[in-house]
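Since this is a predicted model, take the numbers as computed values, not measurements. The figures that follow rest on heavy atoms only: side chains count, while hydrogens, waters and symmetry mates do not. Each ligand, and each atom within it, is numbered from 1 in the order the structure gives.
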Amino acid sequence: MSVKRFIFLGPPGAGKGTQAYKLAELCSVPHISTGEILRNEVALGTPLGTQAKSYQEKGELVPDELILDMVGQRLSESDTQSGWILDGFPRNLSQAKFLDELLEKLEQKCDRVIDLEVPDEIIVERLLKRGRPDDTEEIIRHRLQVYRQQTAPLIDYYIQRQLLVSVQGNQSMAEVTEDLQKAVDLNC
Ligand code: ADP
């Protein structure tokens, strides 16, 4: 089986977490969600968690200096030899540039960047149902704004690198999974 390395882009509530987890299972590679790692750190009350908490609660991005080392370490662990799926990273241009350099150092190449798109009204509806602490309407709208301003420019960044594929997230979970498998030519 060949190595699979994918990045998931898409607004909060697009279903990135669920679909990234599924694809990771299908490919037998680790699913690396920076949001999940941070929430674990918060739950454990680590220094990183304590610092990250106030940003997460407001729907702001956690500062790069707290994120970059964490990702660097995670991608250097041995289970990433078979590949990985990154969910929630990179989230701005400086993180994307950091990742390019990191992958060069690790002699790894990202195979595909998947942009999972869902209209804003649907996102708000979905996230209000999910009910995580940062899922109040005001914080959701702020996270969306942060996404459009800081993360969405990465779509062009990866189009230029000929890595981007778009998948319509506004469908049933099974349909999204099917489209995803087609988008990444999955035969693993
Ligand atoms: P969602 O995609 O629903 O917003 P995530 O679990 O991906 O949820 O992220 C939740 C929060 O964690 C973000 O709003 C942000 O505060 C923080 N976070 C996650 N990943 C990053 C990252 N790469 N850079 C900065 N902050 C991040």
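Remark: S78 engages no residue in a side-chain contact (heavy atoms from CB on, under 4.5 Å) (not counting sequence neighbours). Take D120 and apply the side-chain hydrogen bond (donor to acceptor under 3.5 Å, both in side chains) test, not counting sequence neighbours, and it matches R148.
In this structure, R161 forms a cation-pi arrangement with Y157, its terminal cationic atom sitting closer than 6.0 Å to the ring centre and no more than 45° off the ring axis.
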Under 3.5 Å, N/O to N/O: give me all the pairs between ligand 1 and the protein, one per line with atom names and distance.
unit_1, atom_1, unit_2, atom_2, d
ligand 1, 2 (O), K16, NZ, 3.3
ligand 1, 2 (O), R91, NH2, 3.3
ligand 1, 3 (O), R130, NH2, 3.3
ligand 1, 3 (O), R143, NH2, 3.2
ligand 1, 4 (O), R91, NH2, 3.2
ligand 1, 4 (O), R143, NE, 3.0
ligand 1, 6 (O), R39, NH1, 2.8
ligand 1, 6 (O), R39, NH2, 3.0
ligand 1, 7 (O), R91, NH1, 3.3
ligand 1, 7 (O), R91, NH2, 3.2
ligand 1, 8 (O), R132, NH2, 3.2
ligand 1, 9 (O), R91, NH2, 3.3
ligand 1, 12 (O), Q56, NE2, 2.8
ligand 1, 16 (O), E60, O, 2.6
ligand 1, 20 (N), T34, OG1, 2.8
ligand 1, 20 (N), G88, O, 3.4
ligand 1, 20 (N), R91, NH1, 3.0
ligand 1, 23 (N), G88, O, 2.9
ligand 1, 23 (N), Q95, OE1, 3.1
ligand 1, 24 (N), Q95, NE2, 2.9
ligand 1, 26 (N), V62, N, 3.0

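Hydrophobic side-chain contacts under 4.5 Å tie I122 into a cluster, directly or through other members, with V118, I123, V124, L127, L128, I140, L144.
Enclosure of atom CD in E104 is not indicated, since only 12 or fewer non-hydrogen atoms of other residues, nucleotides or ligands lie within 6.0 angstrom.
Inter-residue side-chain proximity for L61 and Y55 is flagged as unmet; no heavy-atom pair is nearer than 4.5 Å.
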